[in-house]
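The block underneath contains the structure these notes are about, expressed in structure tokens.
Bear in mind the structure is a predicted one, so any value in this text is a computation, not a measurement.
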Amino acid sequence: MAAEDDGERLSGPERQRLLLETARQQGRVRVNAAAKSLSVTPETVRKDLAALQADGLIMRVHGGGIPVETPVHEPGITARTEWTAEKERIGRAALDELPSNGVIFIEAGTTTAHFADLIPADLPLTVVTNSLPIAQQLATRSTAATVVILGGRVRSVTLGSVDAMAIRNLQELYVDVAFLGTNGLSVERGLTTPDIAEAETKRAALNCSNRRVLLADHSKVGKVAFCRYGDLSDINLLITDTGLSAQQAGELESAIGRVVRV
């Protein structure tokens with residue numbers, strides 16, 4: 001973030017726009033760094049962040065603020081075409097985390113679907129999923145995998161099953177490795193998603209898994225959605241892309257066991 005002129009010559013809305021851009025690009029904005037960059041006092045930055053928080057754009061945290069990126073409209077799975085190359089690389093890297101045999105869970109989502117498409121057809125796995133597209137994809141292509149789909153209500157947005165039946169199924173299962181997605185992850189707020197039913201199902205998936213691998217492109221980092229369903233410490237490994245800075249990866253690694261950028 002760099003102001004073209006001294007911060008004192010910028011209006012409040014202009015400073016706030018720069019602060020919001022920094023938060024969205026870097027995942028957070030820090031009071032002291034912003035004050036130095038804008039040539040204003042830390043107190044001025046705090047007031048600007050308070051104004052952004054009042055508008056629902058920033059969430060104040062210790063030392064600064066993070067962007068609030070709760071979408072009013074959650075895009076359908078067929079409409080999610082962004083970061084395709086990154087999701088492909090993430091999916092390929094996740095293949096290294098597959099057990100030679102055993103039970104895995106693959107959560108509904110676009111990044112996890114890229115991963116499922118890359119699983120070797122002759123690998124003898126039991127694959128549990130709540131995703132209709134992933135179940136169909138593996139059941140028709142794989143020659144060795146046993147595919148188990150969870151019951152429950154199918155959300156039209158994700159084509160994933162949720163609610164009581166899906167949760168009850170997960171509570172009765174034990175999987176070796178869960179491959180998960182998320183709408184948002186941040187150091188301050190953990191793992192978040194816009195839908196309450198989705199959050200409950202995600203929480204059940206975390207609880208039934210021995211090891212949890214999160215597949216999420218860099219655009220998800222720093223975002224905070226409506227429902228919190230887990231801590232970053234619930235994740236053993238985050239596989240993301242190189243759009244995530246080394247600094248951000250280091251901050252996440254303080255809570256997550258390991259972060260891999262591909």
Side-chain angles (χ1 to χ4, degrees), residues 76-78 80 84 86-183 191 193 197-217 220 229-230 234-240 257-258 260 262:
I77 192 167
T78 57
R80 299 177 193 174
T84 301
E86 288 81 356
K87 291 176 181 180
E88 185 79 15
R89 296 201 305 271
I90 291 168
R92 196 167 296 281
L95 294 176
D96 292 338
E97 307 306 318
L98 283 170
S100 56
N101 53 50
V103 182
I104 67 171
F105 173 74
I106 306 178
E107 188 177 29
T110 53
T111 309
T112 49
H114 279 282
F115 162 67
D117 191 47
L118 296 168
I119 294 176
D122 60 349
L123 199 60
L125 292 170
T126 296
V127 181
V128 180
T129 184
N130 68 327
S131 165
L132 292 181
I134 289 175
Q136 182 179 28
Q137 177 189 113
L138 289 174
T140 56
R141 179 176 58 82
S142 178
T143 58
T146 299
V147 180
V148 178
I149 188 165
L150 301 180
R153 175 177 64 88
V154 178
R155 291 190 71 217
S156 60
V157 175
T158 62
L159 296 181
S161 53
V162 295
D163 286 341
M165 188 178 295
I167 293 169
R168 187 163 60 248
N169 287 167
L170 286 168
Q171 289 172 341
E172 295 173 354
L173 298 175
Y174 174 86
V175 302
D176 298 302
V177 186
F179 295 90
L180 308 164
T182 193
N183 296 87
L191 305 169
T193 192
E198 198 86 46
E200 292 298 327
T201 306
K202 285 174 174 288
R203 190 174 296 117
L206 288 172
N207 291 336
C208 77
S209 309
N210 180 50
R211 190 162 182 268
R212 298 98 167 213
V213 178
L214 183 64
L215 312 182
D217 67 75
K220 307 296 175 60
Y229 64 89
D234 291 327
I235 301 301
N236 301 105
L237 169 64
L238 166 64
I239 303 178
T240 185
R258 183 175 164 227
V260 172
V262 294

Quiz prompt | Nearest-0.5 Å distance, CZ of residue Arg89 to OG1 of residue Thr84 | solution = 11.0 Å
Can you give the donor-acceptor pairs under 3.5 Å from side chains of residues 92-106 to other protein atoms, not counting sequence neighbours?
from, atom 1, to, atom 2, distance (Å)
Glu97, OE1, Arg211, NH1, 3.0
Glu97, OE1, Arg211, NH2, 3.2

Exercise. Look up atom NZ in Lys220 and atom CG in Leu238, then write down how far apart they are to the nearest 0.5 Å.
Key: 11.0 Å
Exercise. Decide yes or no for Val177 and Val175: does some side-chain heavy atom of the first lie under 4.5 Å from some side-chain heavy atom of the second?
Key: no
Mind listing the side-chain donor-acceptor pairs of residues 112-121 below 3.5 Å, one per line with the distance, residues two or more places apart or on another chain?
from, atom 1, to, atom 2, distance (Å)
Thr112, OG1, Glu107, O, 2.6
Thr112, OG1, Gly109, N, 3.3
Thr112, OG1, Gly109, O, 3.1
His114, ND1, Glu88, OE1, 3.1

Quiz item: Which pairs with one or both residues in residues 165-182 pass salt bridge (charged side-chain N to carboxylate O under 4.0 Å, His left out), sequence neighbours excluded?
Solution: none
Practice problem: Among Thr201, Asn130, Ile167, Leu132, find the one that has a side-chain contact (heavy atoms from CB on, under 4.5 Å) with Ser161. | Solution: Asn130
Quiz prompt | Asn169: side chain to side chain donor-acceptor pair (under 3.5 Å) partners, not counting sequence neighbours | solution = none
Quiz prompt | Heavy-atom pair with the smallest gap, counting every atom of Arg212 and Asn236 | solution = N-OD1, 2.8 Å
Quiz item: Hey, what do you get for OG1 (Thr111) to NZ (Lys87), rounding to the nearest 0.5 Å?
Solution: 4.5 Å
Self-check item: Heavy-atom pair of closest approach, residues Val147 and Ala139
Solution: CG2-N, 3.9 Å
Quiz item: Would you say Val260 and Leu237 make side-chain contact, with heavy atoms under 4.5 Å?
Solution: yes
Practice problem: With sequence neighbours left out, write down each residue that passes salt bridge (Lys or Arg N to Asp or Glu O under 4.0 Å) with Asp163, or none if nothing qualifies. | Solution: Arg153
Exercise. Could you tell me the separation between the OG1 atom of Thr140 and the CD atom of Gln136, rounded to the nearest 0.5 Å?
Key: 6.0 Å
Quiz item: Can you check whether Val128 reaches Leu150 side chain to side chain, under 4.5 Å on heavy atoms?
Solution: yes
Quiz item: Is there side-chain contact between Thr129 and Val148, with heavy atoms separated by less than 4.5 Å?
Solution: no
Exercise. Apply side-chain hydrogen bond (donor to acceptor under 3.5 Å, both in side chains) to the pair Lys202 and Thr193, showing each step before the final yes or no.
Key: CA-CA 9 Å; Lys202 285 174 174 288; Thr193 192; 4.9 Å; no
Quiz prompt | Leu173 side, atom CG; Thr126 side, atom OG1 - distance, nearest 0.5 Å | solution = 10.5 Å
Quiz prompt | Atom of Val127, atom of Ala145 and distance for their closest heavy-atom approach | solution = CG2-CB, 4.3 Å
Exercise. Give every residue pair that meets the salt bridge (charged side-chain N to carboxylate O under 4.0 Å, His left out) criterion with at least one member in residues 119-135, sequence neighbours excluded.
Key: none
Practice problem: Please name all residues satisfying salt bridge (Lys or Arg N to Asp or Glu O under 4.0 Å) with Arg203, sequence neighbours left out, ordered by chain then number. | Solution: Glu200
Practice problem: For Thr182, enumerate each residue passing the side chain to side chain contact (heavy atoms under 4.5 Å, CB included) test, keeping only those at least two apart in sequence or located in another chain. | Solution: Leu185, Leu191, Leu214, Ala216, Tyr229
